[in-house]
Asks: 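Structure incoming, see below.
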Amino acid sequence: MMSHRTLFLAGFLGCVVLIGTALYMQHVMGLEPCPLCILQRIAVIGMGVVLLVATLHNPAGWGRRVYAGVTALVALFGLVTAGRNVWLQHLPPDRVPDCGPGLDYMLEVFPLSRTLEMVFTGSGECAEVQWTLLGFSIPEWMLLVFAVYFLGSVYLALTTKQG
């Protein structure tokens with residue numbers, strides 16, 4: 001069995017790969033992220049930061065549980081965000097909301113609470129499927145990724161023996 005530090009490190013490296021892939025898809029493949037995709041990136045970065053600090057700190061007992069719990073909460077935010085994105089992608093075409101302003105504009109003009117409300121309400125660009133792998137869209141893959149991180153974090157929070 002791997003040590004908790006090794007699992008934290010593996011989780012962090014997974015986040016690095018995810019962000020690297022997202023940046024490649026944006027800057028090389030030309031896929032522009034929608035506001036919900038940007039929130040999913042923020043969740044991945046948040047998990048990565050927590051997991052890197054946990055790796056460096058190498059906590060035991062309650063410290064490990066705190067890091068795992070915070071990672072689980074961030075993964076849960078990512079799950080909700082990706083879930084909303086997947087739901088929008090599966091709406092019938094006549095039910096897809098109109099495209100809204102970009103996230104940068106919303107953050108400049110509206111308060112954060114209103115911006116988050118507008119993002120989660122969804123817009124047309126969040127319903128567009130730009131790329132698939134094995135028949136699954138990016139948000140569908142991210143839903144799986146966030147579920148794995150959530151379950152892995154719960155596992156780390158509940159295990160007591162160090163490998």
Asks: Sequence neighbours left out, what pairs pass ring pair (Phe, Tyr, Trp, His ring centres under 6.0 Å) with at least one residue falling in residues 38-81?
Replies: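 Counting only pairs at least two positions apart or across chains, the ring pair (Phe, Tyr, Trp, His ring centres under 6.0 Å) contacts touching residues 38-81 are H57-Y67.
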
Asks: Could you go through F146 and V80, starting from their C-alpha distance and side-chain angles, then the distance that decides it, and tell me whether this counts as side-chain contact (heavy atoms from CB on, under 4.5 Å)?
Replies: CA-CA 9 Å; F146 286 122; V80 169; over 6 Å; no

Asks: Would you say R64's side chain and P59's backbone share a donor-acceptor pair under 3.5 angstrom?
Replies: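 It does not hold such a pair.
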
Asks: What distance do F150 atom CZ and L73 atom CG have between them, rounded to the nearest 0.5 Å?
Replies: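 It is 8.0 Å, given to the nearest 0.5 Å.
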
Asks: Can you tell me how far OG1 of T159 sits from NE2 of H4, rounded to the nearest 0.5 angstrom?
Replies: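 One gets 3.0 Å once the value is rounded to the nearest 0.5 Å.
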
Asks: Hey, could you give me the CG/CG distance between L23 and L18, rounded to the nearest 0.5 Å?
Replies: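 Answer for the CG-CG pair, L23 versus L18, is 11.0 Å.
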
Asks: Between Y149 (side chain) and L76 (backbone), is there a donor-acceptor pair under 3.5 Å?
Replies: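 Side chain of Y149 to backbone of L76: no pair is present.
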
Asks: Using a 3.5 Å cut-off and no angle test, enumerate the donor-acceptor pairs between side-chain atoms of residues 136-143 and protein atoms at least two apart in sequence or in another chain.
Replies:
unit_1	atom_1	unit_2	atom_2	d
S137	OG	Q89	OE1	2.7
S137	OG	E140	N	3.4
S137	OG	E140	OE1	3.3
E140	OE1	S137	N	2.7
E140	OE2	H90	NE2	2.7
W141	NE1	L133	O	3.0
W141	NE1	F136	O	3.3

Asks: Say whether V17 and F8 are linked into one hydrophobic cluster, either directly or through other cluster members, by side-chain heavy-atom distances under 4.5 angstrom.
Replies: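 No; tracing contacts between hydrophobic side chains, which count when under 4.5 Å, never links both residues.
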
Asks: In Å, rounded to the nearest 0.5 Å, how long is the span from CG of L56 to CZ of F12?
Replies: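 Here the rounded value is 8.5 Å.
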
Asks: Could you tell me the separation between the CH2 atom of W87 and the CZ atom of R84, rounded to the nearest 0.5 Å?
Replies: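 If I round to the nearest 0.5 Å, the distance is 4.5 Å.
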
Asks: Does any pair with a residue in residues 6-21 pass side chain to side chain donor-acceptor pair (under 3.5 Å), and if so which ones, sequence neighbours excluded?
Replies: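 Passing the test, one end in residues 6-21: S3-T6.
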
Asks: Sequence neighbours left out, cut at 3.5 Å: what donor-acceptor pairs do the side chains of residues 26-54 make with other protein atoms?
Replies:
unit_1	atom_1	unit_2	atom_2	d
Q26	OE1	R41	NH1	2.6
Q26	OE1	R41	NH2	3.3
Q40	NE2	L36	O	3.3
Q40	NE2	N85	OD1	3.1
R41	NH2	A22	O	3.3

